[in-house]
Amino acid sequence: MTDTTPTPEILPADAPQQGREATDATTVHREDYQPPAFWIDSVALTFDLDPAKTRVLNKMQVRRNMAVPAQPLRLDGEGLNLARVLVNGQGASFKLERGQLVLSNLPEGDAPFDLEIFTTCQPEKNTQLSGLYVSQGTFFTQCEAEGFRRITYFLDRPDVMSVYTVTLRADKAAYPVLLSNGNLVEQGELEDGRHFARWSDPFKKPSYLFALVAGPLVAREQRITARNGREHLLQIYVRAGDLEKTEHAMRSLMASIAWDETRFGLPLDLDRFMIVATSDFNMGAMENKGLNIFNTKFVLASQATATDQDFANVESVIGHEYFHNWTGNRITCRDWFQLSLKEGLTVFRDQEFSMDMAGSASARAVKRIEDVRLLRTMQFAEDAGPMAHPVRPDSYQEINNFYTLTIYEKGAEVVRMMHTLVGEAGFRKGMALYFERHDGQAVTCDDFAQAIADANPQSPLAVHLEQFKRWYSQAGTPHVQAEGQYDAAAQTYTLTLTQTTPPTPGQGEKHPLIIPVRLGLLGRNGAALPLQLQSEQGVQELGLEATLVLHERQQSFTFTQVGESPVPSLLRGFSAPVVLHQNLDDDALETLLQYDSDPFNRWEASQQWAQRIIVQALADGDAQAAPRLPERYLAALRHLLADAQLDAAFKDLVLTLPSEGYIAEQLDSVDPQRIHAVREALQDHLAQALHAQWQTVWEQHHDTGAYQPDAHSAGRRALAGKALAMLVRDARRTGDAVWPGKAYQSFKDAGNMTDRFNALSALVQAGHPLAEPALERFHQVFRGESLVLDKWFQLQASAPAQGQGEAASVLARVQRLMQHPDFSLRNPNRARSLIFAYAQGNPAGFHRADGAGYQFWAEQVIALDAINAQVAARLARALDRWAKLAEPYRTAARAAIARVAAHEPLSKDVREIVQKALAAPAA
């Protein structure tokens, strides 16, 4: 499953029906796991679909788990009306107890028995978008993590895997398409204008992977023949009118199937594979076996309506959900504490897929940098905040709150470290052993790590396996201090690495981890120096790059025959998710920026240099009202811009200053307004000092010919967009009307959404008077395109304040936009595009000295909680780091959090987050 929480760059209902539980949520602990008392071998579901009252007949074959002491059968259920319970065709005694259907006096022994349950539910009242719900006249389901219990009573846990047969019955005119998991085995007509379809999934799956879709949809179809000779039907279902926007999605699906078969030997295992898109979806997408349900933003793309980033996201997310077919579906989680078993591994796989699809080495590096930037900006902050938790959590109150960057992105880095420690061939061997051992099972993170290690018994992973597993159990981001000592007489260079991990909530004591550190050494002229490592076995010839394994709190590594004091290039490719501290001077950073063979560390040198400049400017305070970039730094950027060998997308990343959020995480006390002012001043200077270069870049890159969403063309558009934004920004200083005019003309004439939106953004971000007519024109042209309007809302919510006075503030603009006819709080995408973009993507607009931004946040969290608790909980995370704020922000932020915590009723989703936030000590 893919989350859609934005990143900074980026109706009350019936309580039982909505699953709004009591506020005194029970904490679930990993150590309390017990196997299920019963197994459900097969499930036959029959749905009579009706928005107001859907009837669900659930026939199960159940047997006792003889390894567990005898006890009643407890089936989970929420918001259901129970009509009938039969055991082996006879009436059964039962009771309803704390959201469970409890059955005693069941047949003894291990022989299977039949259990039949008949219930009804009300999909049209389900605004939580979990379980079975209706969106724009179509039925959808979302069952991960615990949505299936809103459809029927069941053992709603991932370690109960069953074979499903599903029969759907509905009015044919209203619901002509009837879909469920697996293969279509029968369909036909019924009386009174109704019809049916019967689906059979031959593979055992947990209930969270169940799916059904019914509605007036159309499909793009493609038949393929896999490498093993098996034929498959691929289908992408959308609403009428959106079919032309599915070509890229189909190409991405075909590429994903081919890649998984080539890279890991994992074929598609069903006759058909289906994707369905809906605009009402809490997450990005869901990997239900054979029937993936997607948010439209990760399916629909055309050059007129989607940016290059949208095209890349479609490819990545389709890959992610398809790869779950094996890493998540065929092998699933024993319990929800093991969530990263499927998500961390599958994120790693989709990252590798995207890099392979990018092509060139520089394009691969761009993808890696983008992933690391997300990790360091957002996940590192999570690791340092009140919601810090291990990759494999120890406890939770609401599992939906643990679909986090720690589980996904940090979990992927843990898998990547395994890959580094065993190598590409070794990792593929480990994956093969993992499937050989566990196909069709629900297992743990330990089982995966054990398989990779057992397949590579001589690897550092196998040698240090138990210690490596601390990455799963220990929260927080490790810090690695690097100190180098050069001995000119002995011609040796000694590198000392020291690791520490700060305390996190509930975990005061931290133990050393296994940290792979890829490195190279450069001469002052930029030449790579041979690595000869002194060890107990003698001197090891390591070539020009090596991976050191840090496994103690402090270790020293001595390299011999080093003819000059070297510049260390450490943590190449970001080989471990750590914060690296090293005291490199400007000379060393310039050497790395200009000459390092590792693209990631070239980018990292630019970021560290810029970060140093920004932090110094912040420390200077009012003594330097308009900070400026040093000429040496600017000269290095000019040199880089002129380098014809570098990919345009890479240049774009290097020339992007660290974000305000990342800067804030480097400080002990955060003044968001001061950070914004300093970064804006340095952006202005960058625009001014490189004006001539920006003009050249625009002239060389703005015409990319016929639109193609490939990495090379996208990179050229990205760099041209940055140049245009800088030139429009500098026009504020000079009063020049030429570049704003060119931006407006480019906005009107653009042949693709990327160029159009780049031009619009340049005007809006600069606060130019042409921004308002451009925004109005944009809305008029795209008022019928939901996903494009999301961009329109998001751009305005994330832009700086324009003009003077409260009426010109970002908050006032957001409040006006909430009254816009095209805004709806009920639609997760629209809520994210406006409210989330403001609270999470506009620090200067949100963090107001008067606290008004925080009060607005509290109002919206409470309002959303009454409609959709999962979306509300995501918004609640916007103030996780309140304790780092300087006054007066800190007190005002805490008061807003306390306001939410005091509200009744409050879902357990939101309550868990605000209670943990309030427990955080102030800096």
| I913 and M387, any side-chain heavy atoms less than 4.5 Å apart | yes
| task | State plainly whether the residues D310 and K791 are in salt-bridge range, i.e. N to O under 4.0 Å. | result | yes
| task | Answer yes or no: is there an ion pair linking D76 with R157, defined by an N-O contact shorter than 4.0 Å? | result | no
| note | Looking only at heavy atoms, the pair that brings H389 and P393 closest together is CD2-CG, 3.9 Å
| message | The test is side chain to side chain contact (heavy atoms under 4.5 Å, CB included); show your working for T138 and R239 and say whether it passes. | response | CA-CA 10 Å; T138 300; R239 299 195 183 282; 3.2 Å; yes
| How are the rings of Y408 and Y403 set to each other: parallel, tilted or perpendicular (split at 30° and 60°)? | tilted
| Are W259 and F323 close enough that their ring centres sit under 6.0 Å apart? | yes
| said: Using ring centroids (six-membered ring only for Trp), state whether W336 and F402 fall under 6.0 Å. | reply: no
| Electrostatic pair R263:E352 at N-O distance under 4.0 angstrom | yes
| said: Please determine whether salt bridge (Lys or Arg N to Asp or Glu O under 4.0 Å) holds for the pair R368 and E413, giving the CA-CA distance in whole Å, both sets of side-chain angles, and the decisive distance to 0.1 Å. | reply: CA-CA 11 Å; R368 180 63 180 147; E413 295 300 316; 2.8 Å; yes
| Shortest non-hydrogen contact from C333 toward L341 | CA-CD2, 4.0 Å
| For the side chain of S833 and the backbone of R830, is there at least one donor-acceptor N/O pair under 3.5 Å apart? | yes
| message | Please check: side-chain N/O of E912 versus main-chain N/O of E398, any donor-acceptor pairing under 3.5 Å? | response | yes
| request: Please check if the side chain of T278 supplies one atom and the backbone of D280 the other of a donor-acceptor pair under 3.5 Å. | output: yes
| query | Does the salt bridge (Lys or Arg N to Asp or Glu O under 4.0 Å) test come out yes or no for D159 and R334, once each step is laid out? | reply | CA-CA 5 Å; D159 56 353; R334 185 196 71 177; over 6 Å; no
| said: For a 4.5 angstrom cut-off between non-hydrogen side-chain atoms, does T54 reach F47? | reply: yes
| message | For a salt bridge (Lys or Arg N to Asp or Glu O under 4.0 Å) check, start with the C-alpha distance between E144 and K342, then their side-chain angles and the critical distance, and finish with the verdict. | response | CA-CA 13 Å; E144 188 176 356; K342 72 183 185 77; 2.9 Å; yes
| Polar side-chain atom of Q142 near backbone of L132 as donor-acceptor pair, under 3.5 Å | no
| Considering all heavy atoms, the nearest L291-N181 contact | CD2-N, 4.3 Å
| request: Please confirm whether R349 makes a cation-pi placement over F264, using NZ or CZ under 6.0 Å from the six-membered ring centre and within 45° of the ring normal. | output: yes
| query | Under 6.0 Å between ring centres, would you say that holds for F273 and Y322? | reply | yes
| task | Could you tell me whether R149 and E146 make a salt bridge, using a distance below 4.0 angstrom between a side-chain N and a carboxylate O? | result | yes
| request: Kindly compute the distance separating CG (L253) from CD1 (I275), expressed to the nearest 0.5 Å. | output: 4.5 Å
| Between E409 and R373, is the closest basic N to carboxylate O distance under 4.0 Å? | no
| query | Can you check salt bridge (Lys or Arg N to Asp or Glu O under 4.0 Å) on E382 and R877, steps first, answer last? | reply | CA-CA 9 Å; E382 185 170 88; R877 298 292 304 272; 3.0 Å; yes
| request: For ring pair (Phe, Tyr, Trp, His ring centres under 6.0 Å), just list the numbers for F139 and Y175, CA-CA rounded to whole Å, side-chain angles, deciding distance to a tenth of an Å, and then say yes or no. | output: CA-CA 9 Å; F139 287 92; Y175 309 104; 5.1 Å; yes
| said: So, taking the atom named CG in D371 and the one named OG in S354, what distance separates them when rounded to the nearest 0.5 Å? | reply: 7.5 Å
| said: Looking only at the side chains, is there a donor atom on one of D790 and Q794 sitting less than 3.5 Å from an acceptor on the other? | reply: no
| said: For the residue pair K289 and F203, would you count it as a cation-pi contact if the rule is NZ or CZ under 6.0 angstrom from the ring centre and within 45 degrees of the ring axis? | reply: yes
| field | Residues T346, H320; criterion side chain to side chain donor-acceptor pair (under 3.5 Å); working and verdict | value | CA-CA 6 Å; T346 305; H320 181 95; 5.3 Å; no
| request: Taking all heavy atoms of V391 and all of V414, pick out the closest pair and write down the distance. | output: CG2-CG2, 4.3 Å
| note | For Q840 and A878 the tightest heavy-atom approach is CG-CB, 3.8 Å
| task | Check whether any side-chain heavy atom of L825 sits under 4.5 Å from a side-chain heavy atom of Q860, and report yes or no. | result | yes
| field | Exercise: identify the closest heavy-atom pair between P51 and P123 | value | O-CD, 3.1 Å
| query | Does the ring pair (Phe, Tyr, Trp, His ring centres under 6.0 Å) test come out yes or no for Y33 and F337, once each step is laid out? | reply | CA-CA 10 Å; Y33 170 81; F337 297 102; 8.9 Å; no
| message | Less than 6.0 angstrom separating the ring centers of F348 and F427, yes or no? | response | yes
